[in-house]
There are 4 protein chains.
Amino acid sequence: MPELAKLGHIALETPDLEESVWFFRDVLGLNEVERTDDTVYFRGQVDFEHHSLSLTQAAESGVNHIAYRTESPKDVGQFADHFEANGVDVTWVDSGTEAGQGEAVRFTVPHGHQFEIYYDIEKVETPKETRSRLRNRMHKATSRVTPRHIDHVNILDRDAGETAAWLQDHLGFQLNEYFATPDDEYFRNWLTVATLPHDVAVGTTFVEEEPLERLHHVAYRVENIHHLFEAADELSENDIQIDGGPGQHAMTEGKFLYFRDPASDIRVELYTGGYPVFDPDWEPIRWTEDDAGVAGDHQWIGDTTDKMGRLGLTPYANW
Amino acid sequence: MPELAKLGHIALETPDLEESVWFFRDVLGLNEVERTDDTVYFRGQVDFEHHSLSLTQAAESGVNHIAYRTESPKDVGQFADHFEANGVDVTWVDSGTEAGQGEAVRFTVPHGHQFEIYYDIEKVETPKETRSRLRNRMHKATSRVTPRHIDHVNILDRDAGETAAWLQDHLGFQLNEYFATPDDEYFRNWLTVATLPHDVAVGTTFVEEEPLERLHHVAYRVENIHHLFEAADELSENDIQIDGGPGQHAMTEGKFLYFRDPASDIRVELYTGGYPVFDPDWEPIRWTEDDAGVAGDHQWIGDTTDKMGRLGLTPYANW
Amino acid sequence: MPELAKLGHIALETPDLEESVWFFRDVLGLNEVERTDDTVYFRGQVDFEHHSLSLTQAAESGVNHIAYRTESPKDVGQFADHFEANGVDVTWVDSGTEAGQGEAVRFTVPHGHQFEIYYDIEKVETPKETRSRLRNRMHKATSRVTPRHIDHVNILDRDAGETAAWLQDHLGFQLNEYFATPDDEYFRNWLTVATLPHDVAVGTTFVEEEPLERLHHVAYRVENIHHLFEAADELSENDIQIDGGPGQHAMTEGKFLYFRDPASDIRVELYTGGYPVFDPDWEPIRWTEDDAGVAGDHQWIGDTTDKMGRLGLTPYANW
Amino acid sequence: MPELAKLGHIALETPDLEESVWFFRDVLGLNEVERTDDTVYFRGQVDFEHHSLSLTQAAESGVNHIAYRTESPKDVGQFADHFEANGVDVTWVDSGTEAGQGEAVRFTVPHGHQFEIYYDIEKVETPKETRSRLRNRMHKATSRVTPRHIDHVNILDRDAGETAAWLQDHLGFQLNEYFATPDDEYFRNWLTVATLPHDVAVGTTFVEEEPLERLHHVAYRVENIHHLFEAADELSENDIQIDGGPGQHAMTEGKFLYFRDPASDIRVELYTGGYPVFDPDWEPIRWTEDDAGVAGDHQWIGDTTDKMGRLGLTPYANW
């Protein structure tokens with residue numbers, strides 16, 4: 001069975017590339033790595049490969065794909081074979097289609113999110129002016145926020161439990177935590193291929209008018225809660241609305257701040273804390289309505305399934 | 001003209017003294033200094049006098065008085081003379097009525113808040129078991145929260161501008177910041193007798209059914225934002241509801257966390273940050289509706305006078 | 001090839017068990033899980049298995065063993081077979097020899113450190129009084145320090161490069177960073193079986209009179225730099241000497257505080273920060289004398305091999 | 001008796017103005033307010049007057065003067081009269097000699113430090129590009145360090161006790177804390193005219209070859225310990241040596257980081273924490289050799305008078 005190693009990057013589309021670049025590079029402090037005709041590539045301070053985010057000029061905002069890296073080169077083809085054997089269409093992407101990246105395969109997760117799997121990726125040097133004196137950093141801090149690395153994506157669709165099961169069955173994700181409704185629907189799911197509390201979260205949405213393949217947010221890790229406050233302050237000085245937080249999630253125990261790229265309206269989370277999952281016999285943690293309002297989620301409100309359903313779509317999406 | 005030196009203490013009443021003691025001492029970490037028949041006295045780590053908070057068993061929750069200390073012994077009598085000359089009733093309180101405290105005078109601020117003025121106060125030693133090895137601390141940290149000292153009180157009444165003017169005229173408070181309505185009513189006011197961004201805040205409330213002399217909250221200073229998160233976590237582990245925050249106020253620039261003593265339902269704020277006011281020619285900072293949603297107040301919502309009016313009374317009282 | 005999943009625990013020996021228990025439990029805040037005749041077992045807030053530290057009453061201070069958990073049950077026997085095939089003596093330890101733990105094997109790493117390998121380990125419930133309301137914590141915070149989980153051990157011997165190579169060859173460790181002398185000796189080595197910047201560090205010592213199998217320190221992860229300061233304050237209030245820090249290491253980029261258990265004189269580090277290693281093609285980071293005094297290690301002094309040699313043995317062991 | 005309100009600014013001289021400007025503005029993040037032929041003026045984020053630091057091109061590094069602001073305009077002349085009546089020479093400085101500042105008087109404190117007293121000072125607006133959206137900030141954060149305001153100066157001379165007494169007698173300083181030798185010499189003194197733990201520290205030096213009027217350091221306040229670490233990191237990325245810290249002082253209970261302007265070699269401290277002194281009957285805190293190594297000063301070492309003497313001059317000047 002092939003294996004995934006990590007969340008690699010997310011490819012976003014924005015109607016105003018320059019404003020999005022300003023937001024992710026100048027306000028948040030991601031490092032611009034490379035720029036092609038219509039796409040700019042970024043990484044955080046300890047994203048050790050070519051990029052963890054790309055922004056492409058497009059007619060509308062959206063997610064082009066979410067990319068996971070495999071444990072070895074041969075895993076890419078093996079995943080492709082596995083999907084084809086299971087009736088999942090795959091598309092091969094040529095080397096160089098994405099800057100710095102080799103051959104990759106793309107496919108669609110149930111309910112519409114497009115994922116990508118790759119192994120080959122450049123380890124590009126940092127230009128001298130932003131290089132760190134520390135050999136274990138890709139660049140020095142260039143903002144008060146200093147995003148460290150891509151941490152996770154949070155996606156919504158019509159049946160989160162089904163998608164979460166699919167991710168476990170076909171991609172080898174481990175389910176770390178979930179929230180179950182009284183009918184035992186897996187309403188919120190936190191999964192990982194690495195040792196994070198999650199590198200993907202999958203939640204159910206009830207809202208008809210929203211595209212079902214919606215990205216709730218992409219999250220970058222910051223070092224500690226202070227960076228959440230520095231970010232909130234920096235965003236406010238730039239007249240960018242805070243969407244939620246600072247606060248602490250009950251699930252995954254992470255601390256967070258939510259806001260949106262003003263150009264694309266795509267939501268970003270800064271995330272810190274949480275716990276590492278090193279134990280090979282991890283048993284998924286089950287949360288239920290009884291835990292609503294529980295210790296630790298200083299923002300988490302809602303005590304009915306109905307409220308849960310709406311949470312993912314309110315401006316304060318406290319997950 | 002007599003002068004005030006500092007906010008000294010607040011005397012609260014609670015229907016369940018032991019639960020309130022548990023909350024302020026065991027959860028928050030205030031130091032119990034002395035206990036009489038019906039009253040327990042507390043102070044923070046760098047409250048250098050006898051106490052900054054007293055809790056008295058009573059039929060109902062309430063504020064007995066808010067006490068300010070004068071610059072010199074003679075100021076107490078001079079304030080009493082001043083009030084009598086201005087038609088304000090004063091009541092002399094005998095030495096020892098409050099543990100550790102000498103003679104004091106009490107009087108009522110317009111709209112009903114009872115204030116006290118005193119100078120003589122004991123500097124009681126800390127028992128060995130909670131004494132710090134640092135000579136500039138009254139006791140070592142006994143919780144994760146470690147309240148440092150009483151910082152301010154926030155009071156509400158029918159006409160905050162009138163009360164704020166009275167505090168300036170009769171007690172020598174300095175107005176540091178205020179929020180003015182389009183009709184130039186001083187709707188929110190932050191004043192100090194020391195060098196804090198405020199040691200009293202006065203706000204207007206429109207709600208008929210609430211007692212007009214309401215205490216919105218009493219605030220203790222903590223060292224930094226980490227203590228806000230540690231407090232939120234500790235409260236949550238003890239099943240005590242967070243009322244608002246962590247966040248940052250635009251006015252006074254302080255960071256905050258709000259919650260309530262479960263026994264008395266009295267609201268407490270932990271507060272950190274802000275700026276010192278050392279300049280003798282400080283000009284009050286004017287905020288208006290144009291600043292609503294302004295940078296830095298990550299919780300501050302509301303763009304109409306009506307919303308302003310309700311803010312002080314909602315569960316999330318983001319001031 | 002069998003695989004290791006994580007650093008599991010360290011078994012320490014102390015001449016004064018009760019004082020060591022006071023130190024690790026009451027000062028640092030580790031959770032006491034179980035107590036047998038001569039041994040007490042502890043874990044951190046997110047150590048999800050039975051224990052990550054044991055203290056045993058003994059004539060002298062020392063390290064009994066350092067234990068790593070395997071990825072699967074069968075890996076334990078496979079490692080035993082591998083060692084026997086390679087002339088390394090292994091000793092089988094019966095289930096229950098260590099509380100909560102199944103069968104294990106022990107063996108000696110070159111230069112004398114005793115390691116243990118196990119898979120079966122209980123997931124013991126936390127007693128109600130210290131249980132957290134969060135389902136992803138093993139216990140609530142019981143101190144200002146709140147150690148989160150065992151992070152790494154740092155061991156010293158006569159030829160660190162040789163030991164580091166052995167750990168890679170026989171146990172599958174990945175070398176993340178190393179410091180090389182002008183003669184290309186691998187003088188300091190940071191290795192992991194998980195995704196940490198290191199779960200074991202191996203350094204060369206030149207000092208004859210020290211036992212070569214010396215433990216430099218065992219490290220617990222804390223959430224952020226604030227906990228380093230809270231720990232320093234708590235230690236100081238308890239008259240326990242700070243050994244080094246707070247500061248930041250250049251290597252592994254972690255922030256640290258060093259001190260010693262007053263009963264056993266064993267050094268403990270609190271550690272936070274660092275970076276995760278998710279990339280399967282990680283290339284070890286090489287540091288040399290040119291990096292001495294480099295950015296980020298605010299405590300790191302020394303620019304000659306000789307000084308390097310002494311660093312690991314001075315009271316301020318700034319690694 | 002005239003009164004001082006606050007430490008206003010320090011006027012430094014540097015042999016390389018542009019490099020010093022780079023250091024204080026671009027590395028530390030002070031705000032450049034005005035520039036004349038040979039002098040550049042700076043302030044912190046909540047320094048509400050024209051400047052708190054000036055740098056003047058000069059042949060050698062040095063302190064031109066340390067300036068305190070009075071409580072009222074007439075205090076300036078009254079201090080001048082007082083000094084003349086007591087045989088202390090005063091020099092009147094014309095309005096405009098220092099940018100933004102009115103008439104002032106200068107005089108020499110025993111052992112040679114030049115002080116200045118002024119009242120009139122402009123409140124200059126911040127240019128739009130660095131203006132904050134918060135009305136209670138002079139500028140938005142322009143670095144990861146964000147110095148808040150000038151906090152204190154630390155000066156050394158041959159007999160600190162004598163100077164400290166002079167500052168109390170002639171300028172109305174309050175002695176908050178002091179360290180006394182076995183011979184009851186006031187070896188280290190922390191004094192304030194405001195409510196800080198100190199706005200001036202005076203220490204004895206024994207070293208003959210050093211100029212006796214030496215400035216040990218000027219300190220800027222930062223918001224919390226995180227800013228100390230951010231500063232240490234920023235300095236290191238710019239190859240600027242850390243002089244001491246991060247750590248916590250026993251005296252004044254402040255947290256600190258020391259380093260030097262590479263152009264002038266003048267030492268700067270970033271300082272956070274400490275306690276406010278609001279009580280009018282403050283009794284100076286006495287520290288003696290018995291407190292050496294005391295709780296809370298994680299850097300403070302030394303248990304003999306001789307060591308005390310050397311501390312102020314070592315590279316790690318842990319005061």
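Given the structure is predicted, the values throughout are model-derived calculations rather than measurements. When reading the values below, keep in mind they use all heavy atoms of this one structure, side chains included, and skip hydrogens, waters and symmetry mates. Each chain gets a letter, A, B and so on, in the order the sequences are listed, and its residues count up from 1.
Using a 4.5 Å cut-off between heavy atoms, A/Thr272 makes no contact with chain C at all. Contact of A/Pro197 with chain C is not made at all, since no heavy-atom distance falls under 4.5 Å. Neither the backbone nor the side chain of C/Asn176 comes within contact range of chain A, judged by heavy atoms closer than 4.5 Å.
Aromatic ring pairs are classed by plane angle as parallel below 30°, tilted from 30° to 60° and perpendicular above 60°; the pair C/Tyr68 and C/Phe173 is perpendicular. Ring geometry for A/His9 against A/His51 counts as tilted: the plane angle lies between 30° and 60°, on a 0 to 90° scale. A parallel orientation is assigned to the rings of A/Phe256 and A/His249, their planes being inclined by less than 30° (bins at 30° and 60°).
Of the residues C/Val202, C/Leu196, C/Asp199, the one that meets the side chain to side chain contact (heavy atoms under 4.5 Å, CB included) test with C/Leu191 is C/Val202.
Between A/Arg221 and A/Asp47 no salt bridge is recorded (no basic side-chain N to carboxylate O distance below 4.0 Å).
Contact count versus chain A (heavy atoms, under 4.5 Å) is highest, among C/Glu71, C/Lys140, C/Glu177, C/Arg148, for C/Arg148. Contact count against chain C (heavy-atom pairs under 4.5 Å) is highest for A/Lys6 among A/Lys6, A/Arg286, A/His149. Taking C/Thr195, C/Val46, C/Asp279 one by one and counting their heavy-atom pairs under 4.5 Å with chain A, the maximum is reached by C/Asp279. Considering only heavy-atom pairs separated by less than 4.5 Å from chain C, the leading option among A/Gln45, A/Glu223, A/Glu49, A/Glu253 is A/Glu253. Of the listed residues C/Arg69, C/Lys123, C/Arg135, C/His226, the one with more heavy-atom pairs under 4.5 angstrom with chain A than any other is C/Arg135.
Nearest heavy-atom pair across C/Leu28 and C/Val145 is O-CB, 3.3 Å.
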